[in-house]
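A short worksheet on the structure shown next.
Just the heavy atoms: all of them, side chains too, but no hydrogens, waters or symmetry mates, feed the values below. Model, not experiment: these values are computed from the prediction.
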Amino acid sequence: MTDARVDDPADFPPQEDTVERLWTPQRMTYVLRNSEDRPTKPKAKECPFCAGPKKSDEDGLIAWRGARVFAIMNLYPYNVGHLMICPYRHVGFITELDDAELFEFEKATTLAMKVMEAVSHPDGYNIGINQGEVAGAGVAAHLHQHVVPRWNGDANFMPIVAQTRTMPILLSDQRAAYAQAFSRLAPDFGLPLERGSAAA
């Protein structure tokens, strides 16, 4: 039996790894959230749609504030530019909105479509409401309508094969672009230009 030859690894040419890299700078939000100087879990679980309007537009990711509803960016977007229309009032079902809230809720949804058209020219939209936890609502206690811009080939194979959504723009930058368009277009829809406050 002969001795096996052992080659020195330094004699081999360098090998590239087989890992694909998808650069997603917006993920730093989640990475930094778990740093030692920040709590990893909130002390009190407050409704995110009640908490958002209490913050600045930038910190709350608010793109527009109406008198009865507001537009907020989705922190976990289905697609780039995904935002939601929410009433200030903490209600779970669209049937709980009064007539004025319902009007502004739907009017703001059409305004959001026009904003997306002006900012990023989508080919289509997904619009919908999941009402109740059993229906898939992530925050079932506070009504919100998703407005998701879509482009031909936008998702491609990534969500299916790699369970990955690609986001080419930071949420903060998308919010800023939307906020400018909301301010410009809201008066044409008969909706407030200035910040509103929650209806009593």
Side-chain angles (χ1 to χ4, degrees), residues 46-133 135-151 154 165 167 169-200:
E46 184 179 10
C47 168
F49 301 135
C50 290
K54 296 175 187 173
K55 301 175 184 177
S56 69
D57 289 353
E58 293 78 11
D59 290 341
L61 293 175
I62 306 290
W64 173 79
R65 298 176 190 247
R68 295 172 178 83
V69 305
F70 61 97
I72 185 170
M73 302 303 298
N74 192 314
L75 191 57
Y76 306 101
Y78 301 159
N79 204 9
V80 64
H82 177 181
L83 62 72
M84 296 166 293
I85 305 299
C86 304
Y88 289 105
R89 206 157 57 89
H90 186 82
V91 298
F93 291 88
I94 197 168
T95 52
E96 298 176 70
L97 297 179
D98 63 32
D99 288 348
E101 289 170 323
L102 181 60
F103 176 80
E104 190 169 308
F105 185 77
E106 293 303 335
K107 195 76 171 173
T109 300
T110 60
L111 169 58
M113 290 174 64
K114 287 295 186 182
V115 164
M116 291 173 177
E117 183 181 308
V119 172
S120 46
H121 317 289
D123 299 314
Y125 305 87
N126 291 120
I127 298 174
I129 308 172
N130 298 325
Q131 297 185 81
E133 190 173 337
V139 182
H142 198 133
L143 179 68
H144 53 284
Q145 177 148 269
H146 297 269
V147 185
V148 184
R150 300 300 306 271
W151 295 266
D154 55 12
R165 291 188 174 101
M167 301 293 158
I169 185 171
L170 295 174
L171 284 174
S172 57
D173 294 341
Q174 186 75 69
R175 186 218 65 84
Y178 278 175
Q180 289 181 355
F182 267 108
S183 294
R184 189 174 69 252
L185 297 171
D188 295 339
F189 281 73
L191 293 171
L193 177 62
E194 300 299 322
R195 287 185 179 185
S197 59

Return the orientation label for the F49 and H142 ring planes: parallel under 30°, perpendicular over 60°, tilted otherwise. perpendicular
Specify whether H146 and H144 have parallel, tilted or perpendicular ring planes, treating 30° as the upper limit for parallel and 60° as the lower limit for perpendicular. perpendicular
Counting N and O atoms only, with roles assigned by atom type, does the side chain of [X] sit under 3.5 Å from a partner on the main chain of [Y], one being a donor and the other an acceptor?
{"X": "E104", "Y": "A67", "answer": "yes"}
{"X": "W64", "Y": "A181", "answer": "no"}
{"X": "R89", "Y": "E96", "answer": "yes"}
{"X": "Y125", "Y": "M113", "answer": "yes"}
{"X": "R175", "Y": "I62", "answer": "yes"}
{"X": "Y178", "Y": "G81", "answer": "yes"}

I need the [X] [atom1] to [Y] [atom2] distance, nearest 0.5 Å.
{"X": "F182", "Y": "L111", "atom1": "CZ", "atom2": "CG", "value": "5.0 Å"}
{"X": "H82", "Y": "L75", "atom1": "NE2", "atom2": "CG", "value": "11.0 Å"}
{"X": "I129", "Y": "Q145", "atom1": "CD1", "atom2": "CD", "value": "4.0 Å"}
{"X": "Q174", "Y": "L171", "atom1": "CD", "atom2": "CG", "value": "8.0 Å"}
{"X": "L83", "Y": "M116", "atom1": "CG", "atom2": "CE", "value": "3.5 Å"}
{"X": "L102", "Y": "K107", "atom1": "CG", "atom2": "NZ", "value": "13.0 Å"}

Can you see which heavy atom on [X] is nearest to which on [Y], and at what distance?
{"X": "A108", "Y": "V69", "value": "CB-CG2, 3.8 Å"}
{"X": "P149", "Y": "N79", "value": "O-ND2, 2.9 Å"}
{"X": "N130", "Y": "A137", "value": "O-CB, 3.1 Å"}
{"X": "F105", "Y": "P87", "value": "CE1-CD, 4.0 Å"}
{"X": "I72", "Y": "C86", "value": "CG2-SG, 3.9 Å"}
{"X": "V119", "Y": "A177", "value": "CG2-O, 3.7 Å"}

Would one find more than 12 heavy atoms of other residues, nucleotides or ligands at under 6.0 Å from atom CZ of F103? no
Within a 6.0 Å radius of atom CG on D173, are there more than 12 heavy atoms belonging to other residues, nucleotides or ligands? yes
Quick one: does D57's side chain get under 4.5 Å of R65's, heavy atoms only? yes
Close side-chain approach of W151 and V80, heavy atoms under 4.5 Å: yes
